[in-house]
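As the structure is a prediction and not an experimental result, all values here were calculated from the model.
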Amino acid sequence: MAHVVSSLDQPSNYKDSQSRIDRQRQNELLSKSATLYIGNLSFYTTEEQIYELFAKCTSPEDGGGIKRIIMGLDRNTRTPCGFCFVEYYTHAEALAAMRYVSGTKLDERIIRCDLDLGYKEGRQFGRGKSGGQVRDEHRQDYDPGRGGWGAQAQRLEIERRREVEERYADAQEGPGAVAGGGGEWKQEESAPAEKSLKRARSEDDDADTREGQRAKLDVEAERM
């Protein structure tokens, strides 16, 4: 059966894209490596959770254990972005983790473990244009454990909203725009309406006034 079922502790095709060594040299280094690259983590998984899981594969009685955990961070926000490095003291512990931990669930996500050439300063930061991992740049699905939509989809949504806001602003300022606010404008509009309520004096009104004044003078003359 050995030729049918592949060994669970064999290195995968994972390779650091910025590594400048050939495949043969890489295999030689991986055969002695005690460092694992852990992928497909939730952004909310903590270092304590990772330590608790991967410590199950340590052998303290043989001088082993977890040397350190390096959390992968967004280059801009310095927040976790879905990967990490786990360094053991021995190569055997790293192989045991690949055999028993890789493909299991952590924070309801199936995680992936691969032997790594070794951590170097700077590799803890995401290499995507937005600061996170490259895989999250082009992701089209909605993944709440990895920040929702992919970075590219988020940029398209931001651009769409900006275009809508610009069109709305142009409509407010262009011909036929509806004036907004302004107490003075309302007062100017209401003033003619108030004036129109007062009826202008006509010639008949003036004649009635003159008749009234004449009748009053006749009454006063008779009293004298």
Side-chain angles (χ1 to χ4, degrees), residues 5-19 21 25-128 130-137 139 141-151:
V5 180
S6 60
S7 177
L8 296 177
D9 57 5
Q10 290 299 311
S12 69
N13 291 325
Y14 162 77
K15 183 177 184 290
D16 179 12
S17 60
Q18 295 187 358
S19 174
I21 61 177
R25 177 56 178 164
Q26 174 183 327
N27 291 337
E28 292 176 0
L29 294 174
L30 291 178
S31 66
K32 303 176 182 178
S33 175
T35 302
L36 291 178
Y37 172 88
I38 317 301
N40 200 38
L41 291 172
S42 167
F43 287 3
Y44 305 101
T45 299
T46 64
E47 184 175 334
E48 289 76 13
Q49 289 175 286
I50 296 170
Y51 186 92
E52 182 180 1
L53 176 61
F54 284 88
K56 299 180 185 299
C57 298
T58 59
S59 51
E61 64 280 0
D62 297 328
I66 294 178
K67 186 177 181 180
R68 63 173 175 168
I69 296 174
I70 302 98
M71 297 295 292
L73 302 175
D74 185 290
R75 187 174 62 253
N76 300 324
T77 63
R78 296 299 195 268
T79 55
C81 64
F83 72 99
C84 75
F85 298 93
V86 176
E87 289 186 353
Y88 287 100
Y89 281 101
T90 67
H91 176 67
E93 292 172 310
L95 288 180
M98 285 186 58
R99 180 179 296 151
Y100 299 116
V101 178
S102 184
T104 61
K105 277 190 175 183
L106 177 60
D107 256 2
E108 298 303 318
R109 301 185 68 84
I110 298 177
I111 61 174
R112 185 185 76 253
C113 306
D114 288 295
L115 284 174
D116 189 79
L117 297 176
Y119 170 77
K120 292 182 180 179
E121 185 62 31
R123 290 190 63 197
Q124 75 270 35
F125 298 122
R127 296 172 179 173
S130 62
Q133 287 192 273
V134 175
R135 59 166 291 193
D136 290 314
E137 288 287 325
R139 182 168 49 78
D141 62 323
Y142 183 84
D143 190 338
R146 296 187 69 88
W149 297 102

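- Residues D143 and R135 are not paired through a salt bridge, judged by the lack of any N-O separation under 4.0 Å between the basic side chain and the carboxylate.
- In this structure, the side chains of L41 and D107 stay at 4.5 Å or more apart for every pair of heavy atoms.
- The nearest pair of heavy atoms linking C81 to D74 is SG-N, 3.7 Å.
- Distance check, rounded to the nearest 0.5 Å: CG of L73 to CZ of F125 gives 6.0 Å.
- Taking the six-membered ring where the residue is Trp, W149 and Y142 present perpendicular rings, their angle passing 60° and hence far from 30°.
- The distance from atom CZ of R25 to atom CG of L30, rounded to the nearest 0.5 Å, is 10.5 Å.
- Judged by distance alone, the side chain of N76 and the main-chain N or O of S130 form a donor-acceptor pair under 3.5 Å.
- Side-chain N or O atoms of S33 include one that pairs as donor or acceptor with a backbone N or O of D116 at under 3.5 Å.
- The two atoms that bring C57 and Y88 nearest to each other are CB-OH, 4.1 Å, heavy atoms only.
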**Report entry** Audit row: Q26, L117, side-chain contact (heavy atoms from CB on, under 4.5 Å) steps and yes/no
**Finding:** CA-CA 7 Å; Q26 174 183 327; L117 297 176; 3.7 Å; yes

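- For the residue pair N40 and R112, no side-chain donor N or O sits within less than 3.5 Å of a side-chain acceptor on the partner.
- The CZ atom of F54 lies 6.5 Å from the CG atom of L36; values are rounded to the nearest 0.5 Å.
- The two residues I50 and C84 come nearest to each other via the heavy atoms CD1-SG, 3.8 Å.
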Requested in this report: Decide side-chain contact (heavy atoms from CB on, under 4.5 Å) for I38 and V101; before the verdict, give the C-alpha distance in whole Å, the side-chain angles of both, and the deciding distance to 0.1 Å.
Outcome: CA-CA 10 Å; I38 317 301; V101 178; over 6 Å; no

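- Of the inter-residue distances, the one linking R139 atom CZ with Q133 atom CD reads 10.0 Å to the nearest 0.5 angstrom.
- In this structure, CD in E108 is found 10.0 Å from CD1 in I110, a value given to the nearest 0.5 Å.
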Query - Stepwise side-chain contact (heavy atoms from CB on, under 4.5 Å) test for I66 and T58 - result: CA-CA 7 Å; I66 294 178; T58 59; 3.9 Å; yes

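- The 12-atom threshold is exceeded at OH of Y119, counting heavy atoms of other residues, nucleotides or ligands nearer than 6.0 Å.
- No donor-acceptor pair closer than 3.5 Å links the side chain of R68 to the backbone N or O of F85.
- Note: L115 CG to L29 CG = 11.0 Å, rounded to the nearest 0.5 Å.
- Nearest heavy-atom pair across Q49 and Y44 is OE1-O, 4.0 Å.
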**Report entry** Check against side-chain contact (heavy atoms from CB on, under 4.5 Å), L106 and T45
**Finding:** CA-CA 8 Å; L106 177 60; T45 299; 3.9 Å; yes

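- Within the 3.5 Å criterion, the main-chain N or O of A34 finds no donor-acceptor partner in the side chain of E93.
- More than 12 non-hydrogen atoms from other residues, nucleotides or ligands lie less than 6.0 angstrom from CD of E28.
- Listed here is the closest heavy atom pair of Q124 and M71: CB-O, 3.8 Å.
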